[in-house]
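When reading the values below, keep in mind they use all heavy atoms of this one structure, side chains included, and skip hydrogens, waters and symmetry mates. All values reported here derive from a predicted model rather than from experimental measurement.
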Amino acid sequence: QVQLVESGGGLVQAGGSLRLSCAASGRSFSDYAMGWFRQAPGKEREFVAAIAGTTTLRSNADSVKGRFTVSRDNAKNTVYLQMNSLKPEDTAVYYCAAGPRPLRHEPEAYNYWGQGTQVTVSS
């Protein structure tokens, strides 16, 4: 079983950066794929990025492509999402998720979810 807690969200000006963290607990953490998703009010949940081992999977959506980077520190049981050049359209609740390998875009592939952290980008 895996338990996840996100942190690092907040208010930031357009063009700024944030680094989100997801602290995980449970056995065999290094065996899981770790994904980041986001959901804005009235919108469907959107895949952002995921990582398993040294392999990463990135969103093909133009809204996030090239601006977000996922990384992992197994010694700290933590996954990160570095967000650069933030835009007001990035405002959403960001969720960390864990699931079995291999990497997937679909939220249905992930078994465990954190509570989310709010990111608000002002113009």
Side-chain angles (χ1 to χ4, degrees):
Q1 305 298 310
V2 178
Q3 295 173 306
L4 307 172
V5 179
E6 302 97 331
S7 62
L11 176 65
V12 64
Q13 292 281 343
S17 299
L18 282 175
R19 190 188 194 192
L20 306 183
S21 298
C22 175
S25 62
R27 68 178 185 87
S28 302
F29 170 77
S30 62
D31 293 337
Y32 284 86
M34 302 294 297
W36 285 98
F37 296 80
R38 69 183 185 182
Q39 189 165 20
K43 302 287 187 178
E44 294 186 2
R45 186 163 41 186
E46 179 185 23
F47 175 79
V48 177
I51 186 168
T54 60
T55 303
T56 59
L57 183 67
R58 295 177 293 179
S59 173
N60 291 322
D62 291 338
S63 60
V64 301
K65 188 176 182 179
R67 298 187 296 117
F68 296 175
T69 302
V70 65
S71 61
R72 186 171 187 165
D73 188 340
N74 287 335
K76 298 180 179 179
N77 286 355
T78 301
V79 64
Y80 305 97
L81 182 68
Q82 179 67 46
M83 307 189 296
N84 298 324
S85 302
L86 285 164
K87 305 173 181 179
E89 304 91 276
D90 296 320
T91 296
V93 176
Y94 285 72
Y95 296 93
C96 176
R101 300 174 72 165
L103 294 169
R104 295 284 188 268
H105 289 96
E106 300 84 359
E108 292 80 9
Y110 296 84
N111 301 320
Y112 307 101
W113 294 82
Q115 83 289 346
T117 185
Q118 177 71 47
V119 172
T120 302
V121 184
S122 62
S123 61

Separation of [Y] [atom2] from [X] [atom1] (nearest 0.5 Å):
| X | Y | atom1 | atom2 | value |
| --- | --- | --- | --- | --- |
| His105 | Phe47 | NE2 | CZ | 4.5 Å |
| Thr117 | Leu20 | OG1 | CG | 6.0 Å |
| Arg101 | Tyr32 | CZ | OH | 12.5 Å |
| Cys22 | Trp113 | SG | CH2 | 11.0 Å |
| Ser122 | Gln13 | OG | CD | 3.5 Å |

How far apart are the closest heavy atoms of [X] and [Y], and which atoms are they?
| X | Y | result |
| --- | --- | --- |
| Ala98 | Leu4 | N-CD1, 3.7 Å |
| Leu103 | Thr55 | CD1-O, 3.6 Å |
| Tyr110 | Ala33 | CE2-O, 4.0 Å |
| Val79 | Met34 | CG1-CE, 4.0 Å |
| Thr78 | Ser21 | CG2-CB, 4.3 Å |
| Asn111 | Pro100 | ND2-CD, 3.3 Å |

Are there more than 12 heavy atoms of other residues, nucleotides or ligands under 6.0 Å from atom CD of Gln82?
->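 For Gln82, atom CD is crowded (more than 12 foreign heavy atoms under 6.0 Å).
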Taking everything shown except Glu106 itself, do over 12 heavy atoms lie less than 6.0 Å from its CD?
->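 More than 12 heavy atoms, drawn from other residues, nucleotides or ligands, come within 6.0 Å of this atom.
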Just by distance, with hydrogens left out, do Asn74 and Arg72 show a side-chain donor and acceptor under 3.5 Å apart?
->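 Yes, because at least one side-chain N or O of Asn74 sits under 3.5 Å from a partner of the opposite role on Arg72.
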Between Ser17 and Asn84, a side-chain donor and acceptor under 3.5 Å |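 Indeed, the side chains of Ser17 and Asn84 share at least one donor-acceptor pair under 3.5 Å.
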Under 3.5 Å, is there a donor-acceptor pair between the side chain of Glu6 and the main chain of Cys96?
->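 Answer holds: yes.
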Report yes or no: does Thr91 contribute a side-chain atom to a donor-acceptor pair with the main-chain N or O of Val121 at less than 3.5 Å?
->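 Present.
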Test the Arg19-Tyr80 pair against the cation-pi criterion, namely NZ or CZ under 6.0 angstrom from the six-membered ring centroid and within 45° of the ring axis.
->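 Because its charged atom sits under 6.0 Å from the ring centre and within 45° of the axis, Arg19 does stack over Tyr80.
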Cation-pi geometry met for Arg58 and Trp36 (6.0 Å, 45°) =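 No.
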Let me check something: do [X] and [Y] share a hydrophobic cluster, defined by ILVMFWY side-chain heavy atoms less than 4.5 Å apart, either directly or through other members?
| X | Y | result |
| --- | --- | --- |
| Leu81 | Leu57 | no |
| Val70 | Leu86 | yes |
| Val93 | Val12 | no |
| Val48 | Tyr95 | no |

Leu18 and Val119: side chain to side chain contact (heavy atoms under 4.5 Å, CB included), yes or no, with the steps?
-> CA-CA 9 Å; Leu18 282 175; Val119 172; 3.9 Å; yes
For residues [X] and [Y], determine if any side-chain heavy atom of one lies less than 4.5 Å from a side-chain heavy atom of the other.
| X | Y | value |
| --- | --- | --- |
| Arg38 | Lys43 | no |
| Tyr94 | Met83 | yes |
| Val64 | Ser59 | yes |

